[in-house]
2 protein chains.
Amino acid sequence: MRESEECKKILENKAMFKMASPEFMDKLVQSAHLHNAGKGKVLFIHQDTADKFYIVVSGWVKLFRETLDGAQAVVDILPAGHIFGETSIFENDSYPYSAEAVEPSVIMSLPLSLLKQEIEDNPKLALAMLSAMARYRKQQDREIEHRTLQNASQRIGCFLLRLADQEATGPITIHLPYDKTLVASRLGMQPETFSRALGKLKDATGIKVKGATVELKSLDQLIDYSCSACSSEFPCHDLNA
Amino acid sequence: MRESEECKKILENKAMFKMASPEFMDKLVQSAHLHNAGKGKVLFIHQDTADKFYIVVSGWVKLFRETLDGAQAVVDILPAGHIFGETSIFENDSYPYSAEAVEPSVIMSLPLSLLKQEIEDNPKLALAMLSAMARYRKQQDREIEHRTLQNASQRIGCFLLRLADQEATGPITIHLPYDKTLVASRLGMQPETFSRALGKLKDATGIKVKGATVELKSLDQLIDYSCSACSSEFPCHDLNA
DNA sequence: GGTTATTTTTGACCTTTGTCAAGGCGCAGG
DNA sequence: CCTGCGCCTTGACAAAGGTCAAAAATAACC
């Protein structure tokens, strides 16, 4: 079966599963499934009973929470390769957020029960997960910092930097991976604010924006502008889990 | 030696160490030290080399980060019983934030090396730490949500609710555990904003504020006001790690 | 008990972001 | 080539929060 071959390849490449036992990986591949999710497809809802966790194979997935009156807070927007829903293990088997595909995506689903079992049986996996969790925690801490110390334009600059190849020295072209409205919500601002703040960023740094394409002469333009309001030095490692 | 007796008692009561081996606990107690930290005492600085982790025995400890130009973002303010600095294990042995006592405090210091070793040797401890980390992650997620969806007054209301006995049904008296200026920074706002927002909260809910003392007729007053702008139902469990 | 610090509150004003409404742009489908 | 529907931008205005300066209230100290 082609599907399981594909799943196998993806799973074996995940850092978190490098330490897993072969038996576990076999069982995991057996019960893995790929799903096509169109733009807007809701994968699960906050506080649903959780029996699966997921990996983004391609596309983008938004994690978010909603209040009763419909206001929405975006927790994160995940690119290909990221795991989500796995923390339900520690949350009474219920999802701590809702998940929705925001671009046409392929999602792999896997049973939480297997993961739960293997984490208890295999210390190496528990350590790998601990390490991943610590990295995520650091990211969230930084997010909170950014929201308090950076203004809208600086947050956009920082976002662009994280999309770029951080090693590059010359001119760079960046493509926004999803709608600007969505970038705005990811950065905790309104679409209108995003639009205006991007304009301000353009004036301040000389970057060029055409639709979803951003061109910079060099990273320094943005680094000066955004990273001055951040406690970390520029090459912000720790970005990909 | 009295000190080690005291440390032992505290360590044995920590949920995280319930699963630790007796040998580990012995070693831990041997190398534990208590420190008196006056108000304002800096315990370590962001990116210092980390060889110890800590437990707040009494008092309050502020975790924070600073930008080059002096702006400060408060990551958290920890009460007695909380561990900090332990995530340095996953951070290249450097502290991910600075720590300062904001009230006269007693702090226990413990070697990271022991923890590192035991986590690798004892799966149960790794699991306990994983679970603690997951709880913390959830808290951070909620923090980000609050900063985007709640206004200043609502955040204060939410903060008061978390200080209160959540089971109580009748009138309640809450004492602010540290300076209002500090509460403000914990909630990501300026002292002036805090003062005015507290005034607004008073008008809106009928709570009574005298200095550091807050009296409410019942929790409902605050719940209606604050929790409407939050994705979680009221009794916010998951508060203490 | 008076005096000095420190913390908190107020007032006036400014900046940033949110809100509402109207256009504009671009692309898919006819 | 035209039309319609999202997405994005703009303008005008409102609201929230930040800033600066000064007064008021507490707490701390001789």
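Every chain is numbered from 1, with letters handed out A, B, ... down the list of sequences. Note that the structure is a prediction, hence the values are computed from the model and not measured.
Atom CE of A/M189 is separated from atom P of D/dC8 by 14 Å (rounded to the nearest Å). Taking atom CD1 of residue B/I156 and atom P of nucleotide D/dA16, one finds them 14 Å apart after rounding to whole Å. One atom, CZ of B/R147, and another, C1' of C/dT16, lie 17 Å apart when rounded to the nearest Å. If you measure from atom CG of B/L149 to atom P of D/dG17, you get 13 Å, rounded to the nearest angstrom. One interatomic measurement links the two molecules: CG of A/L201 to P of C/dT17, which rounds to 12 Å at whole-angstrom precision. Remark: C1' of D/dC13 and CD of A/Q190 are 16 Å apart, rounded to the nearest angstrom. To the nearest angstrom, P of D/dA15 lies 11 Å from NZ of B/K200.
Of the candidate nucleotides C/dT9, D/dC7, C/dG11, C/dT9 has the atom nearest to the side chain of B/K180. Nearest nucleotide to the side chain of A/T181, out of C/dT17, C/dT7, D/dC8: D/dC8. Nearest to the side chain of B/E192, among D/dT19, D/dG18, D/dC8, sits D/dT19. Here C/dA12 is the nucleotide among C/dA12, D/dG17, D/dT10 with the atom lying nearest to any side-chain atom of B/R196.
A side-chain donor from one of A/D69 and A/T67 sits under 3.5 Å from a side-chain acceptor of the other.
Contact between A/F84 and A/L43 at its shortest, heavy atoms only, is CZ-CD1, 3.8 Å. The two atoms that bring A/L176 and A/L163 nearest to each other are CD2-CD1, 4.2 Å, heavy atoms only.
Ion pairing between a basic and an acidic side chain is recognised when a charged N comes within 4.0 Å of a carboxylate O; B/R186 and B/E143 show such pairing.
When the side-chain nitrogen and oxygen atoms of B/S195 are compared with OP1 and OP2 of C/dT8, none of them lie within a distance under 4.0 Å. Taking only side-chain nitrogens and oxygens, A/T193 never comes nearer than 4.0 Å to OP1 or OP2 of C/dT16.
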